[in-house]
Amino acid sequence: MLKHPILSPCSMENSIFLSRQALSRGSEAQRFKIGIPMSSDSSQEEHELIAVRKAKLDKLRVEGAAFPNDFRRSHLSASLHLEFGDVTKESLAESNVSAQVAGRIVLKRIMGKASFLTLQDGAGRIQLYVTEKSLGSADYDAFKSLDIGDIVGAIGVLMKTMKGELSLAADSVRLLTKSLRPLPEKHKGLTDTETRYRQRYLDLMVNEDARETFVRRAQITDSIRRFLMDRDFMEVETPMMQSTPGGATATPFITHYNALDVDMFLRVAPELNLKRLVVGGFEKVFEINRNFRNEGMSTKHSPEFTMLEFYWAYADYQDLMTLTEDLFRAAAQRVLGRLDFTYQGKELDFAPNFPRLTMEQAIITYVESVEFDDIASLSQAVATAERFNIEVPDHWGLGKVHLALFEALVEDRIEQPVFITQHPIEVSPLARRSDENPELTDRFELFVMGKEIANGFSELNDAEDQAERFRAQVAARAAGDSEAMYFDQDYVTALEYGLPPTAGEGIGIDRLVMLLTDAASIRDVVLFPHMRPKT
RNA sequence: GGGCCGUUAGCUCAGCUGGUAGAGCAGUUGGCUUUUAACCAAUUGGUCGAUGGUUCGAAUCCAUCACGGCCCA
């Protein structure tokens, strides 16, 4: 059997060691030797709960390896439950199955000469049954001083308790990592949002929901990768730092590249680089990665967020919409096993095809008091906007007024998935003009539960038109629009070599994850949301 | 940036119209050989977010600031 500090039999000697240290602070030499900085808090009182645990750790240090890394496990908790959960108490006793498990102590129930521990590992929980008889009295005494939060390894034989819970009757319990800080409260867990975000590891340790959310997030990105790769899309990585930010109307973060001595921008979108790849001949590409937009944060917006962008040559925006429906269904099926589910108390269903409405149709459909004639011409639309107290600058065209009406009156009211199509050209500087109306584009945005989740369009591949659109953006920037795009000459040059007819789309992964994990805030689906540093 | 709400023990929370701080969990000590948020008994633990002000007296009232949440822009 493995020897280990905490269960070494000489408890008398140990207590002598402890008191010697207490006199001379003898563990300091030990700490120095192994390179642990002396705590600078000699003037400052350490919290009693931590001091007690550090004293336990000090005892381990003098006894030998306090942080062993030679314990190996034979099973995860979940695999034990899977394999033996249904085996009866009697046949489990007969078969005498031994196992080695390891994990964090999350609950402990010490009842005299017998005890139960609940161990949590990466896959779930398993109960340990520990008796004085199986460990011996010295080891059992040491065992009793283990704290909730400690990481232990246990070797034993599987059993079922009177109540039928699968447990490991341990022959040895070995401390692998001493936890120096108390865990959050055992039933209510950790609820303080600030601490959950700042110390996400605690959230993950004690809140099953939080773990579940991030497991699902990983499943969603995995299902998307499979979905696209099954359709012969190739995953690529393009620069996070760009000398000309492009691909979206947004304010960029600025940084400095010392080696080149130039200011660079964190990308607001990978769009232009991905289309350069299509020009180069990679006809189906995608990237799942971060974008950075130097803007406010809210429950729907994170300045650093994850986007899927993909480009598909010889396809148009209608093809994208169909693909998007299938992609959403694949993701829901993967994480939920179904296509209908609830989000914040409301029923959502990805099974029916998502309606495709032009912006104009959407306004008429969602706003009862607005008829076709109320928004058909610029003057009518402006009058309607004024009726709803929406400010309309003089130079706006019909499309922008429609957009303003849509944003003010429709967006928040959308629940079930809807594609809104035919965006005005002024707000779509990279999208192909509609053949029916050159003021509109072959573009869509997908809205679900009031949130824009996806944005796609047939790509503008007319280099001269693109140059014209960039010039309009530069003019808007000069007029004070800090979100307007920069003129990207190299991109125009690429288009001049010829971009095949292509469709491209971005999908906000965080928002999709919110839907599929029933998260109210984007921070709940980001592992480490940005916070103002604590003073 | 604006509005509302919050900040009290390691965690989860009480604390009334101002009188000097409480519970549960965790910790410590003792008891307990099949528990399930184990239980029973005792017990330790607080710069009440910070700074000013009002007051004989402030966790409580007022102001400013910090951090966070929600809503709005």
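A note on names: the letters A, B, ... follow the listed sequences, proteins ahead of strands, and every chain is numbered from 1.
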*asked:* Applying side-chain hydrogen bond (donor to acceptor under 3.5 Å, both in side chains), can you list everything that pairs with A/E483, at least two apart in sequence or on another chain?
replied: none
_Is it true that A/Q127 and A/R109 share a donor-acceptor pair across their side chains at a distance under 3.5 Å?_
yes
*Would you mind telling me which residue lines up with the more 5' stretch of RNA chain B, A/D147 or A/E48, judged by nearest nucleotide?*
A/D147
*Does B/rU34 have a Watson-Crick or wobble mate here (both distances under 3.5 Å), and if so which one?*
none
*Reckon A/E132 touches a base, only the sugar-phosphate, or nothing at all at heavy-atom distances under 4.0 Å?*
nothing
*Check the chi torsion on B/rU29 and let me know: syn if it falls within 90° of 0, anti if not.*
anti
*Does a donor on one side chain sit under 3.5 Å from an acceptor on the other, for A/Q344 and A/D518?*
yes
*Integer angstrom distance from the C1' of B/rA38 to that of B/rC32*: 11 Å
*Of the residues in residues 108-118 of chain A, which ones touch RNA chain B at a heavy-atom distance under 4.0 Å?*
A/K108, A/R109, A/I110, A/M111, A/G112, A/K113, A/A114, A/F116
*Ring centroid separation for A/F447 and A/F406, is it under 6.0 angstrom?*
yes
*Consider only side-chain N and O atoms of A/H423 and A/E445, and report whether a donor and an acceptor are under 3.5 Å apart.*
yes
*asked:* Can a side-chain donor-acceptor contact be found between A/S134 and A/Y140 if the only test is distance below 3.5 angstrom?
replied: no
_Which nucleotide in B/rU44, B/rG68, B/rU28 has an atom nearest any side-chain atom of A/R532_ = B/rG68
*So, A/R125 and A/Q120: side-chain donor and acceptor under 3.5 Å apart, yes or no?*
yes
*On a whole-Å scale, what distance lies between the P atoms belonging to B/rG22 and B/rU36?*
32 Å
*Set of residues satisfying side-chain hydrogen bond (donor to acceptor under 3.5 Å, both in side chains) with respect to A/S521, sequence neighbours excluded*: none
*Should A/D121 and A/V101 count as side-chain neighbours, where that means a heavy-atom distance under 4.5 Å?*
no
*Among all residues two or more places apart in sequence or in another chain, which pass the side-chain hydrogen bond (donor to acceptor under 3.5 Å, both in side chains) test with A/E208?*
A/R211
*Does A/T161 make a side-chain donor-acceptor contact with the base of B/rU36, cut-off 3.5 Å?*
yes
*Does the side chain of A/R217 come under 3.5 Å of the side chain of A/T306 through a donor N or O and an acceptor N or O?*
yes
*In terms of side-chain heavy atoms, does A/N207 have a donor or acceptor partner in A/R196 at a distance below 3.5 Å?*
no
*Expressed in whole Å, how much space separates the C1' atoms belonging to B/rG15 and B/rA23?*
10 Å
Please produce a list of atom pairs where a protein N or O lies less than 3.5 Å from an N or O of nucleotides 71-73 of chain B.
residue	atom	partner	partner atom	Å
B/rC71	OP2	A/T299	OG1	3.3

_Can you tell me the base-pairing partner of B/rC16? Count Watson-Crick or G-U wobble geometry only, both distances below 3.5 Å, and say none if there is no partner._
none
*How does each nucleotide of nucleotides 1-11 of chain B score, in 5' to 3' order, for protein heavy atoms under 4.0 Å: base (B), sugar-phosphate only (S), or none (-)?*
---------BB
*Distance-only side-chain donor-acceptor flag, A/Y129 / A/K160, under 3.5 Å*: no
*Using the C1' atom in both, what is the distance from B/rU54 to B/rA63, to the nearest Å?*
11 Å
*If B/rU47 has a Watson-Crick or G-U wobble mate with both distances under 3.5 Å, name it; if not, just say none.*
none
*asked:* Can you pull out the residues from residues 517-528 of chain A that lie within a 4.0 Å heavy-atom distance of RNA chain B?
replied: A/S521, A/R523
*With heavy atoms under 4.0 Å as the rule, sort A/M531 into base, sugar-phosphate or nothing.*
sugar-phosphate
*Who pairs with A/F292 by ring pair (Phe, Tyr, Trp, His ring centres under 6.0 Å), at least two apart in sequence or on another chain?*
none
*Between residues 87-101 of chain A and RNA chain B, which residues have a heavy-atom gap below 4.0 Å?*
none
*asked:* Among residues at least two apart in sequence or on other chains, which ones pass side-chain hydrogen bond (donor to acceptor under 3.5 Å, both in side chains) with A/T384?
replied: none
*asked:* Among residues at least two apart in sequence or on other chains, which ones pass salt bridge (Lys or Arg N to Asp or Glu O under 4.0 Å) with A/R198?
replied: A/E194
*Separation of atom CZ in A/R196 from atom P in B/rU12, rounded to whole Å*: 11 Å
*Distance between the C1' atoms of B/rA59 and B/rU43, in whole angstroms?*
25 Å
*Would you say the base of B/rU35 and the side-chain of A/Q127 have a donor-acceptor pair closer than 3.5 Å?*
yes
*Report the residues that fulfil ring pair (Phe, Tyr, Trp, His ring centres under 6.0 Å) with A/Y197, sequence neighbours left out, ordered by chain and then residue number.*
none
*Under a 3.5 Å cut-off for both distances, is B/rA41 Watson-Crick or wobble paired, and to whom?*
B/rU29
*Rounded to the nearest Å, what distance is computed from the NZ atom of residue A/K163 to the P atom of nucleotide B/rU33?*
17 Å
*In Watson-Crick or G-U wobble terms, both distances under 3.5 Å, what is the partner of B/rC61?*
B/rG53
*Under 4.0 Å between a side-chain N or O of A/K160 and OP1 or OP2 of B/rU36?*
no
*asked:* Within the 4.0 Å heavy-atom criterion, would you say A/R198 contacts the bases, only the backbone, or no part of the nucleic acid?
replied: sugar-phosphate
*Between B/rU60 and B/rG19, how far apart are the P atoms? Round to whole Å, please.*
11 Å
*asked:* Could you tell me how far B/rG10 sits from B/rG45 if I compare only their C1' atoms? Round to whole Å.
replied: 10 Å
*Under 3.5 Å, is there a donor-acceptor pair between the A/H530 and A/E304 side chains?*
yes
